[in-house]
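In what follows, every chain begins at residue 1, and chains take the letters A, B, ... in the order their sequences are listed.
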There are 2 protein chains.
Amino acid sequence: MSEPDWIPASVRAAGTERALVAGETLFRQGAQTAGLYQVVHGKVRLARFDRAGREAVLHTASDGETIAEASLFSPTYHCEAIATTDATVRLYPKALVMAELQHNPSAANAFMAMLARQIMTLRTSIEQRNIRSACDRVRHYLAVNLAEDRRTVPLAGSLKDLAASLGLTHEALYRTLAQMQSSGEIERSEREIRVLKAI
Amino acid sequence: MSEPDWIPASVRAAGTERALVAGETLFRQGAQTAGLYQVVHGKVRLARFDRAGREAVLHTASDGETIAEASLFSPTYHCEAIATTDATVRLYPKALVMAELQHNPSAANAFMAMLARQIMTLRTSIEQRNIRSACDRVRHYLAVNLAEDRRTVPLAGSLKDLAASLGLTHEALYRTLAQMQSSGEIERSEREIRVLKAI
DNA sequence: CGGCGTTTTGAGAGAGCTCAACATCGGTGG
DNA sequence: CCACCGATGTTGAGCTCTCTCAAAACGCCG
């Protein structure tokens, strides 16, 4: 989604890599911002924790995506970044990125477009979490994440992770998927869900 | 929140105003994007409607705020804009705004910062909608919207509108507020809520 | 005064959460 | 090779909480 095509070679060269093991925290809410991170490979999720200890998954970034873009304009991070799988990330220093955006209009334009896309994606997430019914929430997820064949939805990680992304308990997701499968609405295989009825 | 301090006078002068009555739709999801809107006065909310007809309020813009910024980078609007109160909006043509962002680095910078702020606000909304308990959701809202005195939260519109913004039914909100008041957690007056216990 | 929208309160039902038990599978170490 | 362990996947039962449907008080405005 957020291919960092706008990062020029000069900035790219200044990036420093770091390896993360699954479960490791990259940065915490409130910590000083270091710069812009790009996920080289693996999955890193952005999340917040509420008083009750519940984790709200805000986004999961995969290979090539950048995270913490908004933090370029903030002195501290406003959410937690946690490796969902083993992962490698690359850090681009804040000052360097900001200077590039300041002096390179086309980079700035691409960056703005990327922020705009993120805003749209986030609004879709809000729409999704506004749906109470687990079944309709799953349907919404399927509709939004349909592959180009308009019939299948790839499953990137575990169902448990998906449940967290959907804001459901994993039990509720399991049950809902089982029900949708037995009613003939979907078919499931190892790495994808096939949608049989129009959504 | 989104004071359009980055809109230069030249663009400002090219704006065209339009009056809206409460309930009127400014633009619909899927419609061609005309440009950037600024709410001169009144309240305009961005929302989406799901299959069940439920409205998910994504944002409510007040005096001075801009809406549809992300749509500058999209051919169509991705949500509905509806006047919550009688309102006046000003439209800045897309091409003019884009040209300004292209040639004026400081305007581009301010615009990027505004988009970044919006991303953070949207993430806070997702965090909020991830909270199931009506009481905790209200507490979260109060904590996020505390005035500078750290004790009061202003009530801009009706409680019914607030309920929609919180993603709760109005009945649930009324009940929750009544309960929080009777337990001594808050005090209510016409235009604000006073928080008595630390959140 | 009548009408309309907001604010309240009541009662019932449905749905997801919580707690719990168990199956499955891959990896580890004896 | 097998036992063990942890994480994921699955299913069951009960409970809580919000939603839904209803009804009524209240305030505002023509």
In whole angstroms, how far is the [atom2] atom of [N] from the [atom1] atom of [X]?
X	N	atom1	atom2	result
A:Ile131	C:dG14	CD1	C1'	18 Å
A:Leu155	D:dG9	CG	C1'	13 Å
A:Leu173	D:dG9	CG	P	9 Å
A:Glu190	C:dT24	CD	P	15 Å
A:Asp86	D:dA7	CG	C1'	14 Å
A:Leu168	D:dT10	CG	C1'	16 Å
A:Gln179	D:dT10	CD	P	15 Å
B:Asp136	D:dT18	CG	C1'	14 Å

(message) Is B:Arg132 close enough to C:dC17 that one of its side-chain N or O atoms is under 4.0 Å from OP1 or OP2 there?
(response) yes

(request) May I ask you to verify if any side-chain N or O of A:Thr169 is less than 4.0 angstrom from the OP1 or OP2 atom of C:dG16? (result) no

Say whether [X] and [Y], considering side chains only, have a donor N or O and an acceptor N or O under 3.5 Å apart.
X	Y	value
A:Ser74	B:Arg117	no
A:Thr152	A:Asp149	yes
A:His78	A:Gln29	no
A:Gln118	A:Glu69	yes

Enumerate the protein-to-nucleotides 6-10 of chain C contacts in which both atoms are nitrogen or oxygen and the separation is below 3.5 Å.
from   : atom 1 : to       : atom 2 : distance (Å)
C:dT6  : OP2    : B:Lys160 : NZ     : 2.9
C:dT7  : OP1    : B:Leu159 : N      : 3.2
C:dT7  : OP2    : B:Leu159 : N      : 3.2
C:dT7  : OP2    : B:Lys160 : N      : 3.0
C:dT7  : OP2    : B:Tyr174 : OH     : 2.8
C:dT7  : O5'    : B:Tyr174 : OH     : 3.3
C:dT8  : OP2    : B:Arg188 : NH2    : 2.8
C:dG10 : N7     : B:Arg175 : NH1    : 2.9
C:dG10 : O6     : B:Arg175 : NH2    : 3.1

Count the heavy atoms belonging to other residues, nucleotides or ligands that lie under 6.0 Å from [atom1] of [X], then report whether that count exceeds 12.
X	atom1	result
B:Glu17	CD	yes
A:Arg194	CZ	no
A:Arg28	CZ	no
A:Arg151	CZ	no

(message) Is there a continuous path of hydrophobic side-chain contacts, each under 4.5 Å between heavy atoms, that joins A:Leu155 to A:Leu166?
(response) yes

(request) Taking only heavy atoms on the protein side, list every residue of residues 42-49 of chain B lying under 4.0 Å from any atom of DNA chain C, sorted numerically. (result) none

